[in-house]
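Step one of this worksheet: look at the structure below.
Remember, predicted model here, so these are calculated numbers, not experimental data. Along the sequence shown, residues carry numbers from 1. Just follow the structure's listing: the first ligand is 1, and inside any ligand the first atom is 1. The analysis underlying the following values was restricted to heavy atoms, covering all of them including side chains, and did not include hydrogens, waters or symmetry mates.
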Amino acid sequence: PMTTGYVYHELYGWHDTGTHASLAPADPRRGIQPFHHLENPEAKRRVHELLVVTGLIDRLTRLTPRPATDEEILLVHTPGHLARLTKANDTGGDGGDGSTPFGRGGLDIARLAAGGAIRAAEAVLEGKVDNAYALVRPPGHHAVPDSGMGFCMLANIAIALRAVRRTHNVARVAVVDIDVHHGNGTQTVFWEDPNVLALSLHQDRFFPPNSGFVTERGAGAGFGYTLNLPLPPGTGTGGYLEATRRVVLPALRRFKPDLIVVAAGFDANALDPLGRMMLTPRAYREMARMVLDAAADLCDGRVLCVHEGGYAAAYVPFCANAVIEVLAGVTEPFREPFSFDNMGQQELQPHQDAAIKATEALLGDI
Ligand SMILES: Cc1nn(C)c(C)c1/N=N/c1ccc(/C=C/C(=O)NO)cc1
Ligand SMILES: [Zn+2]
């Protein structure tokens with residue numbers, strides 16, 4: 001049976017995003033009533049609790065996160081960004097875009113998230129586990145070298161990859177970002193790097209603004225190793241499974257990675273307050289199945305999932321659990337209490353097919 005590493009720490013739930021800097025920053029003078037920041041602990045803490053209550057956690061190999069060091073952070077981020085976070089760590093502050101708040105000690109928790117991704121990557125590359133799931137918070141895929149962005153303080157995946165590539169023999173890494181938002185941070189960091197394939201499936205023109213177009217392909221030696229598939233709002237199971245079959249799998253087969261990293265955001269779920277897609281636990285299960293099978297063919301099953309977004313506290317637990325079950329080789333899947341698999345338009349739609357075709361046409365440059 002598969003051995004699956006698992007990173008979680010209660011401190012991830014103590015990262016405090018408050019009500020003052022959400023998308024509707026509380027301000028009675030402007031008629032904006034306080035509402036919790038969407039990136040709050042609930043959805044992610046409930047993922048962990050579901051694993052505990054179902055007992056799946058007992059089949060996982062628990063990995064203990066450690067704080068990422070300044071040196072590791074500086075493999076990706078500028079000294080100015082680290083200084084900004086360090087300076088505000090005693091009082092709380094913002095990661096840099098006004099939407100990325102943190103409380104006192106927020107940098108310590110962000111270090112633990114990036115360090116959790118490092119620890120999980122090391123365990124997979126050292127063969128301690130076949131694959132791993134790092135349920136970390138705050139998320140990371142929007143953070144760029146000189147700033148935090150979109151609820152992300154540190155670029156967890158990019159830091160983990162730069163850190164482990166110094167000490168482990170891993171030539172090529174594919175990052176598949178299934179979060180509903182564009183994985184701009186990962187793309188930026190590895191823009192000129194032909195040894196990291198940065199592939200992002202995301203809702204067209206959502207976040208970051210003006211980011212994630214199919215024309216963004218990398219530069220220099222890295223040209224062709226950035227792939228974007230912007231999908232129209234309302235894309236469901238059919239669109240995502242077709243995108244996986246026709247873009248993700250062929251890209252992986254051409255690239256032949258030594259490690260596959262999934263930026264596992266679940267805000268494409270059918271109940272998400274932010275995303276406008278229609279995915280269900282079954283859709284996530286089938287996507288994970290396809291990626292795991294490709295990993296078995298290409299890189300001895302080495303897959304590292306790092307949690308990103310996903311805000312429907314009632315639904316994300318079932319979606320993330322479905323992916324973790326596939327990683328752990330569970331044969332009798334958890335049956336979620338309600339399903340949106342039969343909603344209208346779950347099947348592939350012509351305009352979604354057109355979007356997939358546009359990215360499919362770029363595979364030849366890998
Ligand atoms: C634009 C804009 N303009 N303004 C004023 C604000 C406050 C804007 N931020 N919007 C955002 C910021 C972050 C997300 C999602 C993050 C995530 O889940 N990543 O995975 C979505 C919308
Ligand atoms: Zn997201």
Please indicate, with yes or no, if any protein heavy atom is found under 4.0 Å from atom 22 (C) of ligand 1?
yes

Looking at atom 3 (N) of ligand 1, would you say a protein heavy atom lies below 4.0 Å from it?
no

Please could you name the atoms of ligand 1 that His141 approaches to less than 4.0 Å, counting only its heavy atoms?
19 (N), 20 (O)

Do Arg217 and Asp365 meet the salt-bridge criterion of a basic N to acidic O distance under 4.0 Å?
yes

The closest protein heavy-atom partner of atom 12 (C) of ligand 1 is Phe207 CE1, 3.4 Å

Test of understanding: given a 4.0 Å heavy-atom threshold, classify the contact between Leu38 and ligand 1 as side chain, backbone, both, or neither.
neither

Are Glu122 and Lys128 close enough for a salt bridge, meaning some N to O gap below 4.0 Å?
no

Metal proximity, Glu308 vs the Zn ion (ligand 2), N/O/S cut-off 2.8 Å:
no

Determine whether the side chain, the backbone, both or neither of Leu274 has a heavy atom under 4.0 Å from any heavy atom of ligand 1.
side chain

Is the backbone of Gly13 close enough, under 3.5 Å, to the side chain of Arg45 for a donor and an acceptor to pair up by distance?
yes

Inspect the surroundings of CZ in Arg205 and state if more than 12 heavy atoms from other residues, nucleotides or ligands are less than 6.0 Å away.
no

Can you list the ligand 1 atoms lying under 4.0 Å from a non-hydrogen atom of Gly150?
13 (C), 16 (C)

Can you list the ligand 1 atoms lying under 4.0 Å from a non-hydrogen atom of Asp179?
19 (N), 20 (O)

Candidates Thr69, Ile159, Leu82 - the one meeting side chain to side chain contact (heavy atoms under 4.5 Å, CB included) with Leu74:
Leu82

N-O pairing of Glu71 and Arg166 below 4.0 Å
yes

Any idea which N/O/S atom from His181 gets closest to the Zn ion (ligand 2)?
ND1

With a cut-off of 2.8 Å, does His142 place any N/O/S atom under that distance from the Zn ion (ligand 2)?
no

Find all atoms of ligand 1 within a distance of less than 4.0 Å from any non-hydrogen atom belonging to Tyr311, and give their numbers and elements.
17 (C), 18 (O)

Basic-acidic side-chain contact under 4.0 Å: Arg46, Glu49
no

May I ask which of Gly309, Pro209, Ala21 has a heavy atom nearer to atom 1 (C) of ligand 1 than the others do?
Pro209

Ligand 1 atoms in contact with Ser99 (distance to a heavy atom under 4.0 Å):
7 (C)

Passes side chain to side chain contact (heavy atoms under 4.5 Å, CB included), Leu199 versus Asn228? Steps please.
CA-CA 6 Å; Leu199 200 175; Asn228 283 303; over 6 Å; no

I'd like to check Arg165 versus Val196 (side-chain heavy atoms, cut-off strictly below 4.5 Å). Are they in contact?
yes

Is Arg66 salt-bridged to Glu72, cutoff N-O under 4.0 Å?
yes

What part of His142 sits under 4.0 Å from ligand 1 if we count only heavy atoms: the side chain, the backbone, both or neither?
side chain

With the Zn ion (ligand 2) at the center, what angle do OD1 from Asp179 and OD2 from Asp267 span, rounded to 10 degrees?
110°

Ranked by distance from atom 13 (C) of ligand 1, the top protein heavy atom is Phe151 CZ, 3.5 Å

Under the 4.0 Å line, does any protein heavy atom show up next to atom 17 (C) of ligand 1?
yes

Verify whether the ring centers belonging to Phe334 and Phe318 lie closer than 6.0 Å.
yes

